[in-house]
Peer 1: 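Just passing along the structure, written as structure tokens.
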Amino acid sequence: MRLPSMPLRTRLLAAVIAIITILSCMTWSPVSAVAAPPTVQPSPGYDARLAERRAAMSAAQAPAPIQKSPMRRPLKRLHRTH
């Protein structure tokens, strides 16, 4: 569609401005949607409770001593008769 009332330079400038506007909208749209849900954002109170619980669990559970399994005696070899 040609607009005869506008000179070529004005139409080109309008097209460039439109392209720049569209590209800037495409570029800036993800930046505004950076918000994270509350479960992802760090919470100092939750982190403190979690650290407290981990410390309590590690203090309550002493590492179990490693027990060696008893040595197995060799099996008696069976001889087949014909």
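As the structure is a prediction and not an experimental result, all values here were calculated from the model.
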Peer 1: Please round to the nearest 0.5 Å and tell me the distance separating atom OG1 of Thr21 and atom CD1 of Ile17.
Peer 2: 7.0 Å

Peer 1: Applying side-chain contact (heavy atoms from CB on, under 4.5 Å), can you list everything that pairs with Ile19, at least two apart in sequence or on another chain?
Peer 2: Leu23

Peer 1: side-chain contact (heavy atoms from CB on, under 4.5 Å) with Ile20: which residues, sequence neighbours excluded?
Peer 2: Val16

